[in-house]
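Working notes, beginning with the structure itself.
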Amino acid sequence: METVVLSFSGGRTSAYMTKYMLDNYKDKYNFIVLFANTGQEHPKTLDFVHNCDKYFNFNTVWIEAVVHHGQRKGNTAKVVTYDTADREGTPFEEVIKKHGVPNKSFPMCTRELKQRPIMSYMRSLGYKPRNYKIALGIRADETRRVSTSARQKNVIYPLVDAGVDKDMILDWWKDQEFDLEILEHQGNCTWCWKKSDRKHFLNIEENPSWYEFPKRMEKLYNHVGPQKDKSIPRNFFRFNRDTETMFKLYELSKNNIIPISKIEHGYGCSESCEIFPTEETNG
Ligand code: SF4
């Protein structure tokens, strides 16, 4: 039987995809459900993954990146559980310590925290990359996120093939016993550098403590990794803005000194954290 990794990111869509595949194709494929924890997820995301195991028997394997410092060795993975999963950002900090602060120019956090650990975990089970497929939770209404080189990478998009869109997924979740209890601007890593300024400002207003982690990372590691101009530190946010600048901009926009429309330039539709990204989403 062919093996398929169901890449469960902790969101409603990938949970739906996992349930759909387990319900409909269990006889055809050997499924392995994987959730790669960054340590900066919303606590309710972890609860949601846990509930999917409890209510739907996903049997998710929770993994975290293990970084090998001072070696030319890619990240491997360790298996954790709902109880032992990191909530402090330790895997993320280890990645930053080695590769520097991720941002639009250096969008490597998904690759280092999710993609490589997933591939390493599969290698530890004896699978070579060509021997299994990876299913990603991309919907039929977001085909721009489908990688053009998906076939070469053995990546499949079951919800695109099945024509499942956002409304269908949201409707389905309304009927379930539990749901992901967070709003859109709170998802993924809570302070993810890919979020729009609008979402950052909402998060800063509601949960300023989420930004202590990126602020600390910039202080400790903004000189790590390649940079066109070594005198310019590497920061997280759009236009290489640091966390403190984001707080200042939030204040300016809150007091209407500068309207958000003047702060938020050219934000595309690229907020995503899928492994094997398209060239557009890149990261
Ligand atoms: S892209 Fe965003 S959500 Fe994904 S690992 Fe990086 S910071 Fe976290």
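The shown structure was predicted, so the numbers you read here are calculated from the model rather than taken from an experiment. Read the numbers this way: they start at 1 and go in the same order the structure lists the ligands and their atoms. Index from 1, following the sequence.
Tyr250 and Asp197 share no side-chain donor-acceptor pair at under 3.5 Å.
For residues 2-28, the salt bridge (charged side-chain N to carboxylate O under 4.0 Å, His left out) pairs, not counting sequence neighbours, are Glu2-Lys133, Arg12-Asp179, Lys19-Asp23.
Shown in contact with Trp193 at under 4.0 Å from a heavy atom are these atoms of ligand 1, numbered in order with element: 6 (Fe), 7 (S). Shown in contact with Cys273 at under 4.0 Å from a heavy atom are these atoms of ligand 1, numbered in order with element: 1 (S), 3 (S), 4 (Fe), 5 (S). Listed by number with element, the atoms of ligand 1 under 4.0 angstrom from any heavy atom of Thr110 are 1 (S), 4 (Fe).
The side-chain hydrogen bond (donor to acceptor under 3.5 Å, both in side chains) search around Glu212 returns none, not counting sequence neighbours.
At least one side-chain heavy atom of Glu93 sits less than 4.5 Å from a side-chain heavy atom of Leu220.
Between atom 6 (Fe) of ligand 1 and Cys109 there is an N/O/S contact shorter than 2.8 Å. Residue side and main chain included, Cys192 places no N/O/S atom under 2.8 Å of atom 8 (Fe) of ligand 1.
The backbone N or O of Phe237 sits nowhere less than 3.5 Å from a side-chain atom of Asn103 that would complete a donor-acceptor pair.
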